[in-house]
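Every value quoted in this text rests on a predicted model; they were computed, and no experiment measured them. Just so it is clear: chains get the letters A, B, ... in the order the sequence lines come, proteins before strands, and each one is counted from 1.
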Amino acid sequence: MVPRTSVHLASYAAAAESGKLSSILVAPRPNYGSLEKFLKNDCKSGKIHIKDAVGHFDNMLHMQPPPPTSSFNLFLGAVAKTKHYEDVISMYYRMVAINYSTDFITLNILINSFCSLKQVGFGFAVLGGILKRGYSPNVVTITSLIKGLLVEKKINEAVRLFKKMVELGYRPHIKTWGTLINGLCRTGNSERALLLHQEMSKGNVLFGVPFRPNLISYSMIIDGLCKEGLVDKAVKVFLDMKEKRIYPDVVVYCSLVHGLSDAGKWEEAKAFFNEMVDQGIRPNVVTFNVLINALCKEGKIEEASRLLDLMVQRGEKPDSFTYNTLMDGFCLEGKVDNARHLFVSMAAKGEERDVISYNILINGYCKCGRIDDGWSLYKEMLQKDYKPTVITFNTLLTALFREGKVGDAQELFGEMQRCGVTPNSSTFNILLDGFCKNNCLAEAMELIQLLEKTGHELTIEIFNCVIDGLCKGGKLEDATKLFVSLYPKGLVPTVVTYSIMIHGFCKNGQLEKANNLFLEMEKKGCFPNVVTFNTIMRGFCDNNDAPQVVDLLQKMAEKHISPDLSTISLVVELLSKDGKFYEYLNLIPTFSTRSDEK
DNA sequence: GTAGGGTTAG
């Protein structure tokens with residue numbers, strides 16, 4: 001066991017420099033002076049590079065006598081700040097493996113690393129270790145665990161832990177509140193975060209603890225609301241913030257401009273942008289990126305390009321986001337050659353391409369049917385040592401299936417796993433959808449079974465896709481079997497699932513079954529939408545059951561479901577049936593939307 | 001020495 005030492009590093013440095021330690025030092029001779037400089041300057045300011053970190057760690061680990069645990073904590077904390085949590089964890093275990101001493105802080109850093117990697121279970125295991133070693137968890141420990149629960153979307157457990165900590169007499173730190181609010185916002189619970197925030201700003205003491213909202217808490221909520229598409233609410237919160245004399249900065253404006261332009265409220269977005277400039281807040285590279293992205297999504301690629309020129313003129317250096325966004329903008333317009341040109345010029349302008357640049361361009365090629373060009377880019381990225389991501393593979397798989405190249409897709413899926421890239425739920429959706437659309441239903445069923453066996457969480461969307469494939473492949477019985485197996489699996493059919501099944505029954509002439517399902521879904525609390533209505537009405541229409549269609553149209557009107565183009569063409573068809581135009585015309589209801597009624 | 005904020009891709 002390496003003895004724990006309280007001797008400060010400076011004395012090591014002094015001893016080393018005076019040469020007194022030279023006889024016991026192992027080669028290569030450690031440089032305590034430079035270690036201390038490294039810890040104090042680079043680690044504290046967070047300016048370390050992961051590539052150097054591993055080397056420093058090796059040096060530290062083999063110094064004789066060993067640096068104190070606090071130096072390792074400083075170092076591990078700095079590595080954690082670079083978000084290389086896997087490295088933190090492996091370094092911790094290397095310390096443990098040689099019996100190096102660790103302390104409470106080391107364990108807190110370890111918990112935070114596990115929690116940030118969505119491994120809250122391991123986080124709690126480390127908590128067990130903390131207690132076993134006789135330490136007491138502190139606010140930092142619990143804050144990390146709350147974050148861990150939140151990133152795994154265990155919202156109620158996180159709130160419960162928060163309440164528990166207050167009950168136990170811990171005073172949440174401002175960062176604890178921040179973690180809770182941020183976690184809620186990032187998991188699509190911004191409104192819940194907002195309620196919490198409002199309670200706090202009223203000066204109400206929540207869970208016995210006062211808290212004053214600040215720029216950061218407002219910023220997280222405004223951004224969260226924007227991301228959930230609740231932009232009007234976000235604007236209200238923004239105004240409320242200003243009323244409280246908390247002054248928005250470039251970040252808050254950026255969130256708002258982004259949210260509003262994503263919601264298509266381009267004029268409002270522009271107004272906030274102008275307000276920001278009027279306030280003397282300088283747009284930064286991120287602001288420009290958001291604007292460029294908005295223009296690209298609007299199809300205004302020329303304007304977006306001009307904005308790039310403008311930002312360069314203003315001395316704001318475009319980054320990889322800027323180029324990637326513009327590249328994607330070109331691809332969206334089908335101008336993949338322009339995107340390629342940008343891709344080439346990026347390197348010339350000294351901007352490093354990244355995996356995302358490749359993904360965007362590969363996607364651009366695949367979308368316009370130039371799958372071979374996409375493929376050779378994939379080969380190029382491998383050759384240049386860029387590690388393809390799950391998105392790279394998903395993009396190529398989608399394209400291969402669309403071209404009907406099932407064998408190539410299967411081969412690529414194998415390659416993906418050999419590369420160590422873990423498929424995600426989109427990958428499985430693509431595979432299942434691809435199998436179904438290419439009439440490989442046996443493969444689809446086999447994959448479903450494999451996924452279930454390996455404990456993959458299968459979503460209702462995946463089943464929708466397979467059930468649809470089975471229906472369209474004429475295997476209605478298998479589809480029905482799969483449909484009824486959903487409930488025991490704990491999956492709730494959605495309006496899409498019902499619509500697929502209803503479509504299947506209708507196509508098979510089993511209108512009674514279709515209608516029963518249609519009636520049943522509502523009883524189960526799943527309400528038909530315009531697609532469901534169109535589907536079943538189409539069934540009755542094709543079966544020359546006009547009264548049923550009329551009946552359903554009336555139901556649809558009662559439910560204030562707006563007809564779409566399919567509905568209209570159905571009605572036209574109905575009116576031309578049996579020469580009973582006028583008879584049916586009188587029965588067609590008037591549709592109104594809820595907003596009409598107000 | 002450890003815990004909280006904004007932009008891009010399938």
Determine the interplanar angle of the A:Tyr135 and A:Phe104 rings, folded into 0 to 90°, and report it as parallel if under 30°, tilted if 30 to 60°, perpendicular if over 60°. tilted

Distance, rounded to the nearest Å, where A:Glu316 contributes CD and B:dT7 contributes C1': 13 Å

Does A:Asn182 put a side-chain nitrogen or oxygen below 4.0 Å from OP1 or OP2 of B:dG5? yes

Rounded to the Å, how far apart are A:Leu432 CG and B:dG10 C1'? 16 Å

Let's test your reading of the model: under 3.5 Å, does the base of B:dG10 pair with the side chain of A:Asn429 as donor and acceptor? no

Suppose we screen for side-chain hydrogen bond (donor to acceptor under 3.5 Å, both in side chains). Which residues come up paired with A:Arg160, at least two apart in sequence or across chains? none

Choose from B:dA9, B:dA3, B:dG10 the nucleotide whose nearest atom is closest to any side-chain atom of A:Val139. B:dA3

Check each residue of residues 220-232 of chain A for a non-hydrogen atom within less than 4.0 Å of any atom in DNA chain B, then write out the ones that pass by number, or none. A:Met220, A:Asp223, A:Lys227

Within this structure, what is the CG-to-C1' distance between A:Asn424 and B:dG10, rounded to whole angstrom? 9 Å

Does the side chain of A:Lys297 get closer than 4.0 angstrom to OP1 or OP2 of B:dA9 through an N or O atom? yes

For A:Lys118, the side chain to side chain contact (heavy atoms under 4.5 Å, CB included) test, sequence neighbours excluded, returns A:Val151, A:Glu152

Residues which pass side chain to side chain contact (heavy atoms under 4.5 Å, CB included) with A:Phe321, listed by chain and number, not counting sequence neighbours: A:Asn289, A:Asp319

Mark yes or no for whether A:Asn438, through its side chain, and A:Gly434, through its backbone, hold a donor-acceptor pair below 3.5 Å. yes

Please work out if A:Ile360 contacts a base, only the sugar-phosphate, or nothing of the nucleic acid, heavy-atom cut-off 4.0 Å. sugar-phosphate

Please determine if a side-chain N or O atom of A:His173 lies less than 4.0 Å away from the OP1 or OP2 oxygen of B:dT2. no

Out of B:dT7, B:dG5, B:dG10, minimum distance to the side chain of A:Val251 belongs to B:dG5

Base, sugar-phosphate, or nothing: which does A:Asn324 touch, judged by heavy atoms less than 4.0 Å apart? base

Separation of B:dT8 C1' from A:Phe288 CZ (nearest whole Å): 17 Å

Regarding A:Asp354, tell me which of base, sugar-phosphate or nothing describes its non-hydrogen contacts under 4.0 Å with the strands shown. nothing

Under the side chain to side chain donor-acceptor pair (under 3.5 Å) criterion, do A:Thr395 and A:Asn363 qualify, and how do the steps go? CA-CA 6 Å; A:Thr395 306; A:Asn363 182 47; 4.8 Å; no

Taking OP1 and OP2 of B:dT2, is either one under 4.0 Å from a side-chain nitrogen or oxygen of A:Lys81? yes

Go through the N and O atoms of the side chain of A:Ser144 and the base of B:dA3, and report whether any donor-acceptor pair is under 3.5 Å. no

Which residues in residues 106-120 of chain A have a heavy atom closer than 4.0 Å to any atom of DNA chain B? A:Asn108, A:Ile109, A:Asn112

Nearest of B:dG4, B:dT7, B:dG5 to any side-chain atom of A:Val286? B:dT7

Among pairs that include at least one residue of residues 280-293 of chain A, which meet salt bridge (Lys or Arg N to Asp or Glu O under 4.0 Å), considering only residues two or more places apart or in two chains? A:Arg282-A:Glu316

Contacts of A:Tyr378 that satisfy ring-ring contact (aromatic ring centres under 6.0 Å, His included) - sequence neighbours left out: A:Trp375, A:Phe393

Please tell me which of the listed nucleotides, B:dT2, B:dA9, B:dG5, lies nearest to the side chain of A:Asp328? B:dA9

Contacts of A:Phe122 that satisfy side chain to side chain contact (heavy atoms under 4.5 Å, CB included) - sequence neighbours left out: A:Phe114, A:Gln119

Can you check whether A:Ser190's main-chain N or O pairs, donor with acceptor, with A:Glu228's side chain at less than 3.5 Å? yes

Measure the distance from CG on A:Asp262 to C1' on B:dA9 and round it to the nearest whole Å. 14 Å

Return the set of residues passing side chain to side chain contact (heavy atoms under 4.5 Å, CB included) with A:Ser345 (not counting sequence neighbours), or none when no residue passes. A:Leu342, A:Lys349

Tell me what A:Val390 touches on the nucleic acid: a base, only sugar-phosphate, or nothing, going by heavy atoms under 4.0 Å. base

Please classify the nucleic acid contact of A:Ile174 as base, sugar-phosphate, or nothing, using heavy-atom distances under 4.0 Å. base

Within the structure shown, what part of the strands sits under 4.0 Å from A:Thr398 by heavy-atom distance: base, sugar-phosphate, or nothing? nothing

